[in-house]
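Computed from a predicted structure; not experimentally measured. Numbers here simply count residues along the sequence, with the first being 1.
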Amino acid sequence: MVAFPGCRAQDLYAERWSKPAEFGREGEHVIVDVHAHTPTHEGPVPPAELRTYPNWRTDRPVVTSNSWADYDKAMADADVSIVFNIAVDNPLEATGLDYRPEDTNEATARFAAAAPSRRIGFMSVNPLHDGVLDEVERWRDRGLRGIKLGPNYQDFDPLCEQALALYAHAERVGLPILFHAGASPMRHAPLRYTYPLVTDEVALRFPELRIVMAHMGHPWGKETVVTIRKHPHVYADVSSIYLRPWVCYESLLSAVEWGAAGKLLLGSDFPIANTGEAMAGLRRVNDILEGTKLPRIPEEAIEGIIHVDALGALGLSR
């Protein structure tokens, strides 16, 4: 069903997206930021180690060297955040974030353990490495409760035999996987590995695996929506899409029109943005419609994303 000028989208779609508890746990009324990167420094960042990256945002460079205190300030509007690094050989070159590769999961585990009621740590592994399932179990024993994968950054085919074995293990032991989906400014990162319909192939093979598609697969929001719509345990986060007003509007409208807005999770993509900025960006999504007859994103759908039971969706608890 499509919302045409003159129709009230609120009336057309209220039944579809107003009940996020359908896939969550009753009683969870917390704001969860599902997408944040582990800060690079425990204490204040020495001036010589300060880094910025210019290509993630169009309005300003992003400060990529951050302390634990910087993180807490950025996450002040979230009750809980999910935090992770990405397992690559050269983080600065591959991801734009300057952390020691040998500390990829150690830094996250220590950071999450320091505030267990407010931080949930996800590990990152490369399925092409020997002993990867043993590595997963080692970090699961350390308290990391999900997996972050960026096939484009880590340079592995997300449908290769080794990756499928990792997904099977994650499904078996109940570890949700958050995939980078969609575009990246990193020249070396293959876009074919992050096209949203790849996730459809994964979900068909592993129907009980809980999956988050980051960034609504920007700019392929429609492809992301039709994927999360059909798979009960596949979700998308909205991290960074609010930095591009038309992409944000088009993606959210697709989710509303296809009855999938209840499958969207709040995310900031710290250090690119913070939780408050993410919420404010979502709430401004209709500003670009002034003077037009284009259908509006219902306010209730926006608030549903902000307050959705993301922990219940992913099988997690505080």
Side-chain angles (χ1 to χ4, degrees), residues 28-53 56-57 59-87 91-92 95-100 103-124 139 142-148 176 178 180 212 214-215 237-243 265-283 305-314 316-318:
E28 293 282 359
H29 298 292
V30 297
I31 293 178
V32 182
D33 187 326
V34 305
H35 194 128
H37 295 266
T38 306
T40 54
H41 292 68
E42 182 172 347
V45 180
E49 297 177 19
L50 188 65
R51 301 282 185 272
T52 61
Y53 188 76
W56 279 328
R57 298 179 61 131
D59 56 343
R60 61 171 174 81
V62 172
V63 177
T64 59
S65 302
N66 293 275
S67 68
W68 288 17
D70 294 330
Y71 182 98
D72 287 340
K73 182 179 179 180
M75 297 291 120
D77 291 303
D79 298 297
V80 183
S81 60
I82 294 176
V83 59
F84 43 74
N85 277 320
I86 302 176
L92 183 60
T95 71
L97 297 171
D98 193 12
Y99 51 89
R100 300 196 319 160
D103 290 340
T104 295
N105 292 320
E106 177 62 35
T108 302
R110 287 194 301 107
F111 182 60
S117 67
R118 291 183 55 83
R119 305 171 191 156
I120 295 174
F122 276 23
M123 71 188 78
S124 185
W139 291 111
R142 286 287 305 277
L144 299 184
R145 301 167 61 191
I147 302 173
K148 162 66 174 181
L178 193 153
H180 176 87
V212 180
H215 319 302
D237 76 44
V238 298
S239 58
S240 290
I241 67 167
Y242 37 80
L243 300 177
L265 311 179
L266 179 68
S268 64
D269 205 8
F270 173 86
I272 294 176
N274 59 55
T275 307
E277 187 177 13
M279 295 190 297
L282 293 174
R283 288 167 173 154
I305 297 168
I306 292 171
H307 297 282
V308 70
D309 178 15
L311 299 183
L314 301 181
L316 300 170
S317 59
R318 295 182 75 175

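Between Glu42 and Ser67, the closest heavy-atom pair is O-CB, 4.2 Å. Of all the heavy atoms in Ala214 and Leu178, the pair that sits closest is CB-CD2, 3.9 Å. Pairing each heavy atom of Val63 with each of Leu50, the nearest pair is CG1-CD1, 3.8 Å. The shortest heavy-atom contact between Ile272 and Ser240 is CG2-OG, 4.0 Å. Taking all atoms of both residues into account, the shortest heavy-atom contact from Pro91 to Tyr99 is CG-O, 3.1 Å. Scanning all heavy atoms of the two residues, the minimum distance from Glu49 to Ser65 falls at O-OG, 2.9 Å.
Put simply, CG on Asp237 and NE2 on His215 are 6.5 Å apart, with the number rounded to the nearest 0.5 Å. Here the OG1 atom belonging to Thr104 is positioned 9.5 Å from the CD1 atom belonging to Ile86, to the nearest 0.5 angstrom. Atoms CG and CZ, on Asp103 and Phe111 in that order, are 14.5 Å from each other to the nearest 0.5 Å. The distance from the CG atom of Asp79 to the NE2 atom of His307 is 10.0 Å, given to the nearest 0.5 Å.
Looking at Asp33 and Ser268, their side chains do bring a donor and an acceptor atom within 3.5 Å of each other. Checked by atom type, the side-chain pair Thr38/Thr108 shows a donor-acceptor distance below 3.5 Å.
Looking only at side-chain heavy atoms (C-beta outward), Arg145 and Ile82 stay at 4.5 Å or farther from each other. Val80 is listed as a side-chain neighbour of Ile120, based on a closest heavy-atom distance under 4.5 Å. With a 4.5 Å cut-off on side-chain heavy atoms, Ile31 and Met279 count as touching. A heavy-atom distance below 4.5 Å is found between the side chains of Glu106 and Trp139. By the 4.5 Å heavy-atom criterion applied to side chains, Tyr53 and Asp98 are not counted as neighbours. Pro271 has its side chain within reach of Leu97: a pair of non-hydrogen atoms, C-beta onward, lies under 4.5 Å apart.
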Asp77 vs Glu277, side-chain contact (heavy atoms from CB on, under 4.5 Å): CA-CA, chis, key distance, verdict: CA-CA 9 Å; Asp77 291 303; Glu277 187 177 13; over 6 Å; no

message: Let's go through Ser81 and Phe270 carefully: what are the C-alpha distance in whole Å and the side-chain angles of both, what is the deciding distance for side-chain contact (heavy atoms from CB on, under 4.5 Å) to 0.1 Å, and is it a yes or a no?
response: CA-CA 10 Å; Ser81 60; Phe270 173 86; over 6 Å; no

message: Using side-chain contact (heavy atoms from CB on, under 4.5 Å), reason through Arg283 and Ile306 one step at a time and then give a plain yes or no.
response: CA-CA 10 Å; Arg283 288 167 173 154; Ile306 292 171; 3.5 Å; yes

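Aromatic rings from His35 and Phe84 are positioned such that their centres are separated by under 6.0 Å.
In terms of modelled atom types and a separation under 3.5 Å, the side chain of Arg118 and the main chain of Ala78 share a donor-acceptor contact.
Legend: salt bridge (charged side-chain N to carboxylate O under 4.0 Å, His left out) pairs involving residues 59-73, not counting sequence neighbours, sorted by first then second residue: Arg57-Asp59, Asp72-Arg119.
Residue Ser239 is tested with Asp269, Leu265, Val212 for a side chain to side chain contact (heavy atoms under 4.5 Å, CB included); the sole match is Asp269.
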